[in-house]
Amino acid sequence: MARHYWLMKSEPSIFSVQDLAKKPRRTASWDGVRNYQARNHMMAMKKGDGVLFYHSSDDPVGVAGIALVVKEAYPDHTARDRKSEYYDPKATEEKPRWFMVDVRWEATFPDLVTLDSLRRNPKLRGMLILRKGNRLSVTPVTASQFAAVRAMGKPSAA
DNA sequence: GCCAACGTTGGC
DNA sequence: GCCAACGTTGGC
C-alpha cells in the first residue's frame, strides 16, 4: 500500500501546528472543511499518510510543520451542530455531507518554510499551492515534493 | 483593504 | 442545464 502525501491549510490564528502539538496525544480532528474537492481529498486519505501543515493568512505564510493521518474520514459532527460556525442544515445523520480526518503532530519546523522559498525551489514546480488563485485547503502533493519541503524545514523531531 | 480566482446559489 | 450574482479564500 503506497503512502500518500497532502498539504492542509489552516489559519494559525485559529489552529496552528503549535496548537496541534499541545493537544492530548498531539492529535486533533480536522473539522470545518466545507468544500467538496477538499473533502474528497480527505476521504481519499489513508492512515499513515503524510501531511504538510500550512499556515495561511499569516505573515509570512508557509509550511510550518508535518503531521500524520491517524484516522481516516468520518462524519464532521460540527456540520450538525447548530451552534457551530460550520453548521450546515443540509447535513444529516444518513447523509453527513462533510467529513474530517484525525491528524497527529509529527514535527514543527524550526523556521517556517515560506511560500516565497517554496516558489524558489525548482523541485517544487507544479505544486498546487503555488498555482495562482489556488484556494483549495486540502491538496495532494507528490512524495518528492513532500520530501523536498521536509528537507527545507529541517525538523529536529521526527 | 484590494482584488483575482474560484465555488455556490437560484432564477429561468 | 445555463449563467449572473453573490460569497469566500487568501496573497499581497
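This is a predicted model, so every value here is computed, not measured. Per chain, numbering begins at 1; letters A, B, ... match sequence-line order. Values below: every heavy atom of this structure, side chains too, minus hydrogens, waters and symmetry copies.
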* For every nucleotide of nucleotides 7-12 of chain C, 5' to 3': is a protein heavy atom under 4.0 Å from its base (B), only from its sugar-phosphate (S), or from neither (-)? -> BBBSSS
* Answer with yes or no after comparing the ring centroid distance for A:Y74 and A:W98 against a 6.0 Å cut-off, counting only values under it. => no
* To do: Flag the pair A:L7 / A:M127 as yes when at least one side-chain heavy-atom distance between them is below 4.5 Å, and no otherwise.
  => yes
* Just say parallel, tilted or perpendicular for the rings of A:F15 and A:F53, cut-offs at 30° and 60°. => tilted
* Is there a side-chain contact between A:D116 and A:R120, using heavy atoms and a 4.5 Å cut-off? -> yes
* **Within 6.0 Å of CZ in A:R34, more than 12 heavy atoms from elsewhere** => yes
